[in-house]
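Atoms considered below: every heavy atom in the structure, side chains included; atoms not considered: hydrogens, waters and symmetry mates.
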Amino acid sequence: MEAFMRIALEEATRGVKEGHGGPFGAVIVRGGAVVSRAHNRVIETADPTAHAEMLAIRTASRVLARFDLSDCMLYTTCEPCPMCLGAVLWARIGNVIYGCSREDAAEAGFDDAAFHSVFGEAASDSPVVLIQRDRQACLKAFRKWEEKEEKIVY
């Protein structure tokens, strides 16, 4: 498993364990170094936009003091939802490495198919390259979520 994806998975697992939100973690990397890391905090903050990718992008922008993250990569434990993909586009991040698919997320209760249908599928000429890796490892965070007895489903 790639080191940066391992960090994203640690974040996702931490978020589930602490009851902050769903099984999602993200890491922004620039020049081989971690700029930011985050996990889903939707439950903790009562903020529906507090997805791991959104929080990691916000932190990276603050750390680098700029909104253009075109020299960065995003590692995330799950394929970005349309909102997060929009943030990736606005941040000019060109490469996203993700673990689980949107179908995996749907099986765990995070079905965003309705959102994808509203916005349509990604354009074939999208400036964002989406690469799936380490799916089996990232599924561990979803299993932890599914096994969690006291959780808030959203």
Side-chain angles (χ1 to χ4, degrees), residues 1-17 20-43 47-61 63-64 67-146 148 154:
M1 181 175 205
E2 192 165 343
F4 299 124
M5 189 62 88
R6 184 174 289 113
I7 295 169
L9 180 56
E10 288 169 4
E11 282 291 328
T13 304
R14 181 175 151 222
V16 170
K17 181 180 176 187
H20 292 168
F24 306 98
V27 177
I28 303 277
V29 176
R30 178 176 173 250
V34 173
V35 176
S36 67
R37 57 192 287 169
H39 58 265
N40 185 292
R41 292 181 179 267
V42 169
I43 295 169
D47 177 355
T49 70
H51 291 198
E53 299 92 334
M54 300 290 287
L55 298 174
I57 289 169
R58 290 173 190 159
T59 300
S61 293
V63 167
L64 298 173
F67 55 84
D68 184 340
L69 304 179
S70 57
D71 58 345
C72 298
M73 291 181 66
L74 170 64
Y75 289 79
T76 181
T77 56
C78 191
E79 183 178 358
C81 73
M83 175 183 68
C84 292
L85 189 54
V88 165
L89 287 163
W90 279 109
R92 310 293 191 262
I93 298 171
N95 293 290
V96 175
I97 311 299
Y98 69 94
C100 297
S101 68
R102 65 177 86 161
E103 292 81 14
D104 295 324
E107 285 182 28
F110 298 93
D111 191 353
D112 59 3
F115 305 125
H116 284 282
S117 68
V118 168
F119 296 107
E121 292 302 314
S124 59
D125 60 348
S126 171
V128 178
V129 176
L130 296 163
I131 301 166
Q132 186 176 26
R133 286 194 196 142
D134 300 317
R135 177 180 176 264
Q136 289 303 316
C138 290
L139 281 170
K140 292 176 185 175
F142 282 107
R143 300 298 86 84
K144 291 215 180 286
W145 171 261
E146 291 167 341
K148 187 174 179 74
Y154 59 96

Can you see whether Ser101 engages Glu79 through a side-chain donor-acceptor pair at a distance of less than 3.5 angstrom? no
Do [X] and [Y] have side-chain heavy atoms sitting under 4.5 Å apart?
X: Leu130; Y: Val128; answer: yes
X: Glu2; Y: Tyr75; answer: yes
X: Trp90; Y: Arg92; answer: yes
X: Val88; Y: Val96; answer: yes
X: Val29; Y: Cys72; answer: no
X: Ile57; Y: Ile93; answer: yes
X: Glu10; Y: His39; answer: no
X: Ile97; Y: Arg133; answer: yes

Ring centres under 6.0 angstrom apart (Trp145, Phe110): yes
Aromatic contact between Tyr98 and Phe24, with the criterion being ring centroids under 6.0 Å apart: yes or no? no
Is there a donor-acceptor pair closer than 3.5 Å between any side-chain N or O of [X] and the backbone N or O of [Y]?
X: His20; Y: Lys17; result: no
X: Thr77; Y: Gly25; result: yes
X: Arg37; Y: Val34; result: no

Tell me, please, which residues at least two apart from Arg58 pass salt bridge (Lys or Arg N to Asp or Glu O under 4.0 Å). none
Applying side chain to side chain contact (heavy atoms under 4.5 Å, CB included), name anything that partners Ala141, two or more places apart in sequence or on another chain. Leu9, Ala12, Thr13, Pro23
Considering residues at least two apart in sequence or located in another chain, which fulfil the side chain to side chain contact (heavy atoms under 4.5 Å, CB included) criterion with Val35? Ile28, Arg30, Ala60, Val63, Leu64
Any salt bridge between Arg135 and Asp104, counting N to O under 4.0 Å? yes
Might you confirm whether atom OH of Tyr154 has over 12 heavy atoms from other residues, nucleotides or ligands at distances under 6.0 Å? yes
Nearest heavy atoms of Phe142 and Cys78, plus distance in Å: CZ-SG, 4.0 Å
Show, in sequence, the C-alpha distance, side-chain angles and deciding distance for Phe115 and Cys81, and conclude whether the side chain to side chain contact (heavy atoms under 4.5 Å, CB included) test is met. CA-CA 8 Å; Phe115 305 125; Cys81 73; 5.9 Å; no
Exactly one of Lys148, Arg143, Lys144 clears side chain to side chain donor-acceptor pair (under 3.5 Å) with Glu146, and that residue is Arg143
